[in-house]
Amino acid sequence: MRRLPALFPNHKATVFPLKTSHPLAARRCKEVGSHWKAALFRLLESCDMDEARRLFTRIPSPSVQLYTMMIVGYSRTNRIDEAFRLFDGMPVRDTAAWNSMIKAALDCGDVSLGRKLFDEMPERNVISWTTMINGLSRFGWIDAAEELFFRMPQRDTAAWNAMISAYCDNGRVKDARLLFEKTPQPNVISWTAMIGGHDQNGESDKALLLFHKLWSSGTKLTPSTYACVLTACANASELGLGTQLHSHTVRTGYSSDTFVSTSLVNLYAKCKQIEDSIQLFSERKERDVVSWTALITGYGLNDKHEDALDEFNKMIASGIRPNQSTFTSALNSCCGLEALDGGKKLHATTVKLGLELDVFVGNSLVVMYSKCGDVEDGLMLFDSMDRRNLVSWNSIIVGCAQNGYATLALKLFDDMRQINVQPDEITYTGLLTACSHSRMLERGRHIFHLLKHDSSVQVKLEHYVCMVDILGRCGNLEEAEEFIRNMPVEPNSKIWLALLGACRMHANIEVARRASKKVFDMEPDNSAAYVLLSNIYASAGRWNDVSQTRVMMRYRGITKVPGSSWITLKETRHEFVCGDRSHPMAMEIYKKLDWLGVKLKELGYVCDKTFALHDVDDEQKEAALAHHSEKLAIAFGLISTVEGSTIRVMKNLRVCGDCHSAIKVISQVVGRRIVLRDATRFHHFRDGLCSCGDCW
DNA sequence: ATAGGGTTAG
């Protein structure tokens, strides 16, 4: 039998026999100290603060350095109070300890404590100043940061870099540039900060110009620089340069760096080379949240929303915790699929992970609910948010506008201005859309007036389109034309198309001729314009002009986009085209339609045949109106969902007029709410009425 | 391995 070795064979010999006066004592103590230090470091590394504290209390008279390590550990785990208690009880403090405590305060969100410590500390060094500048900048206190920078007694390159980044992070790229040009000895970090700063402020092309300068200077690049530049390539869609840099990173061995690799996944995804993204992601050694989110976003950008959600589930299954950004992307893909059920599941998951209070998650949920036709839940969510930003307000205003809640959209606008949230272009587009969908002429004029006099917002073409739409829908066709003539910018085809749409509503052939000619000049392949023009002629009984339009279409090789409608149930999309019999439940669907036909007749509903006879739409000619895609999808919804529940159907084109009337009656017959999202807006059918008030 | 500057997704 063998004796087990003693656990601490040299225990007695090492620790105690030397007196402190012995020349070896100092060295021994240092060794003992480094022993404590190594053990403490291991615990701090694994963020086990309770265990670290237990160890720390056993250390006889810990050094300033050990105290400081503990403070940093508490700060990393967000335990600012404990950090401060420890700092407060320190027998002596050096500048590093003060600096660590300042950083701890700033990192944990207590700026005033950070500022107080900074003002009180006996000796500040360049690191103290730089830490404060960085902290103040993160809270948006850029003026305070600037003041410190110009007051500090000496500045090294790190200090200049901190101020450059502070300007960039607060949107002041011009000031960053001025400072960069004054920096005595800029290094690769200064350049990287400038490149990243320009890119993040929407100036990716300038970022790339800076990179060319850096490149030609022959400076050795770091992985951070590559990560920044590759992101700028992604945002500027510079696939060529990006690919070249990719090969450089392979040669320098940087391509396996986690930041660089994520930037590459992002680059190829944004440049619509999703296969390359997938390949690069699969080659990664470690898959973290960020790279996985980049891939999920990439699928979404490439219209592969099912794959995006699959990838999201794979990520969860592999034990990686999604964060707010992951949810933003996944929820966006739910919008792409109009998958309300999937979106609700994600909502539940955000609650489980404690992320539902995050403002980005909240915004994404508001958009998801309203884009999936459930604006009521979108509103509920918006009301429950405890923090809101401009995007939150825009999301709910646009959501209301698209769903026909114009008055509510305008009320929300008043609310946001009440609490001094400055609207932007998107806010105004939402409001104008709301007015146009509800034919609110005077409110629309008022909003446009506010927009024109809002110095912090630029009037964009889309605003003019909305205004033409409002004027046109309300029957002021001549005024709309006059409005277009007086626009300070060149009108585009969308403007004329809006006018043409109005001509159809108000059967105005003269204006329609002029408007359609403009559209055909600018966009000869726009099939919607031909269909509109043909319908305008048809409604006036001008059959020669109708057939002439059709000939012109055929001659120019223009084919109409086929109409299709779909419904998403249990995350499966069921899509129908007119007269479709390919669905496994086709028999039941047509039986339901026949039954509905009988019921509709009993209620005296007469089908409006003009939509069948005069439309250029081939699908409408081929099959009876009763078998339009939207009706098929609704019939399928009726037989596949619980009695009384809301049915949500989407259509790629505008809903046909006959279907619109029929669906109103159907909602009454079956006692259900039917939400139909067509190419331009949502229709909420209920008790025989539609939320659009029949003007769409 | 006591303290400061640039890096990836949204």
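If you're wondering where the values come from, they're calculated on a predicted model, not measured in any experiment. Reminder, nothing fancy here: chain letters follow the sequence lines and each chain counts from 1.
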Which of residues 100-116 of chain A sit near DNA chain B, with a heavy atom under 4.0 Å from it? A:Ser100, A:Lys103
Could you check whether A:Ala96 gets within reach of a base, just the sugar-phosphate, or nothing at all, counting any heavy atom under 4.0 Å? base
Heavy atoms only, 4.0 Å cut-off, all strands: where does A:Val126 land among base, sugar-phosphate and nothing? base
Mind checking A:Thr157 for me? I need base, sugar-phosphate or nothing, with any heavy atom below 4.0 Å counting as a touch. base
Using the rule ring-ring contact (aromatic ring centres under 6.0 Å, His included), only one of A:Phe149, A:Trp129, A:Phe180, A:Trp191 pairs with A:Trp160; which is it? A:Phe149
Kindly point out which of B:dA3, B:dG6, B:dT7 is positioned nearest to the side chain of A:Cys228? B:dT7
Can you list, in residue-number order, the parts of residues 270-290 of chain A that come under 4.0 Å of DNA chain B, counting heavy atoms only? A:Lys270, A:Val290
Indicate, yes or no, whether a donor-acceptor pair under 3.5 Å links the base of B:dG6 to the side chain of A:Asn187. no
Distance-only donor-acceptor test (3.5 Å): side chain A:Ser325, base B:dG10: yes
Can you check whether any acceptor in the base of B:dG10 is under 3.5 Å from a donor in the side chain of A:Ser364, or vice versa? no
Applying a 4.0 Å non-hydrogen cut-off, can you work out what A:Asp94 is touching in the nucleic acid: base, sugar-phosphate, or nothing? base
Check this for me: does any side-chain nitrogen of one of A:Asp110 and A:Arg115 sit under 4.0 Å from a carboxylate oxygen of the other? no
Spell out yes or no: do the side chain of A:Asn125 and the base of B:dA3 have one donor N/O and one acceptor N/O closer than 3.5 Å? yes
Determine the interatomic distance between P on B:dG5 and the same-named atom on B:dA1; round to the nearest Å. 15 Å
For a quick check of understanding: with a heavy-atom distance under 4.0 Å over all strands, which category does A:Phe41 fall into, base, sugar-phosphate or nothing? base
So what does A:Thr225 touch, heavy atoms closer than 4.0 Å: a base, only the sugar-phosphate, or nothing? base
